[in-house]
Amino acid sequence: LLPMAHATAKADKKEVQDVRPVVFLHGIFGSTLIDPKSAGETRYITASASLGFHTPDIRLPIEWEDGKQKTDGLLPGQVIESVGPVNVYGKFLNFLRKTFGKDLVHPFAYDWRRDNRESRDSLIKKLEEINSKQGKPIVIGHSNGG
């Protein structure tokens with residue numbers, strides 16, 4: 001599935017693995033959004049919203065400042081693995097964890113409502129951090145994350 005990413009060779013009857021870190025970028029709506037002003041409360045997606053009981057107001061401000069859209073203060077939380085019994089990225093992330101090792105899989109959550117250039121800047125910082133600690137990562141993207 002991922003060529004060259006998990007190469008196994010036999011040497012002296014031992015398996016030697018050349019495993020690199022993996023960064024996964026989700027698609028649109030693929031991460032939670034949290035409100036740091038309310039002790040990290042999840043604003044998207046909550047159980048009641050996923051069941052259709054309410055629709056969270058996650059609109060961005062329509063004002064711009066210094067060439068950037070103003071923020072509403074929400075921050076990306078986690079890549080959504082499941083919503084109740086519905087799998088989103090959970091099975092795929094578990095496959096990656098089993099294949100590469102839990103410590104080498106880095107789901108990258110970003111605010112999918114914002115300009116992709118802002119997400120790019122955060123991603124570059126994350127990739128540099130991983131590269132300095134674990135080596136050059138493989139990047140896998142889905143939909144808007146690809």
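Computed from heavy atoms alone, side chains included, the values below leave out hydrogens, waters and symmetry copies.
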Worksheet item: Is the closest basic N to carboxylate O distance between Lys68 and Asp66 below 4.0 Å?
Response: no
Discussion item. I'd like to check Thr46 versus His54 (side-chain heavy atoms, cut-off strictly below 4.5 Å). Are they in contact?
Written reply: yes
Worksheet item: Any side-chain heavy atom of Leu33 sitting closer than 4.5 Å to one from Leu75?
Response: no
Worksheet entry | Heavy-atom closest contact (Pro107 atom, Leu93 atom, distance) | CG-CD2, 4.0 Å
Discussion item. Quick check: is Phe108 connected to Val88 through a chain of hydrophobic side chains (ILVMFWY, heavy atoms under 4.5 Å apart)?
Written reply: yes
Practice prompt. Taking all non-hydrogen atoms of both residues into account, name the closest pair between Leu127 and Pro137 and its distance.
Written response: CD2-CG, 3.7 Å
Practice prompt. In plain terms, say whether Arg59 and Asp72 are close enough for a salt bridge, that is, a side-chain N and a carboxylate O under 4.0 Å apart.
Written response: no
Fill in: Within-4.5 Å side-chain heavy-atom neighbours: Arg114 and Thr71
yes
Worksheet item: Do Val139 and Phe24 belong together in a cluster built from hydrophobic side chains that touch within less than 4.5 Å?
Response: yes
Discussion item. In the structure I gave you, are the side-chain heavy atoms of Arg117 and Asp121 within less than 4.5 Å of one another anywhere?
Written reply: no
Worksheet item: Does a side-chain heavy-atom distance below 4.5 Å link Leu25 with Ile140?
Response: no
Worksheet item: Angle class for the His26/Tyr110 ring planes (parallel below 30°, perpendicular above 60°, tilted otherwise)?
Response: parallel
Worksheet item: What is the distance from atom OG of Ser119 to atom NZ of Lys126, rounded to the nearest 0.5 Å?
Response: 14.5 Å
Worksheet item: If you take all heavy atoms of Ile62 and Trp64, which pair is closest and at what distance?
Response: O-CD1, 3.4 Å
Worksheet item: Shared ILVMFWY cluster between Leu123 and Phe29, side chains joined below 4.5 angstrom?
Response: yes
Item to complete: Output yes when Glu129 and Lys125 qualify as a salt bridge under the 4.0 Å nitrogen-oxygen rule, no when they do not.
Response: no
Discussion item. With side-chain contact (heavy atoms from CB on, under 4.5 Å) as the criterion, how do Phe92 and Asn87 come out once you've worked through the C-alpha distance, each side chain's angles and the decisive distance to 0.1 Å?
Written reply: CA-CA 9 Å; Phe92 182 66; Asn87 176 63; over 6 Å; no
Worksheet item: Is there a chain of hydrophobic side chains (I, L, V, M, F, W, Y, each step under 4.5 Å between heavy atoms) that links Val23 to Tyr89?
Response: yes
Worksheet entry | Heavy atoms from other residues, nucleotides or ligands near CD of Gln78 exceed 12 (cutoff 6.0 Å) | no
Worksheet item: If you measure from CZ on Arg97 to NZ on Lys102, what distance do you get to the nearest 0.5 Å?
Response: 7.5 Å
Practice prompt. Could you point out which residue of Ile34, Leu60, Asp35 forms a side-chain contact (heavy atoms from CB on, under 4.5 Å) with Leu74?
Written response: Asp35
Worksheet item: Which pair of heavy atoms, one from Gly77 and one from Ala109, lies closest together, and at what distance?
Response: O-CB, 3.6 Å
Worksheet item: Does a side-chain N-to-carboxylate-O contact under 4.0 Å join Glu128 and Lys136?
Response: no
Discussion item. Can you confirm whether His106 sits close enough to Gln134 that some side-chain heavy atom of one is under 4.5 Å from a side-chain heavy atom of the other?
Written reply: yes
Worksheet item: Rounded to the nearest 0.5 Å, how far does CZ of Arg43 lie from OG of Ser38?
Response: 7.0 Å
Worksheet item: Should the ring pair Trp112 and Tyr44 be called parallel, tilted or perpendicular, given that the plane angle runs from 0 to 90° and is split at 30 and 60?
Response: perpendicular
Worksheet item: So, for Gly27 and Ser143, which heavy atoms are closest and what is the spacing to 0.1 Å?
Response: CA-CB, 3.8 Å
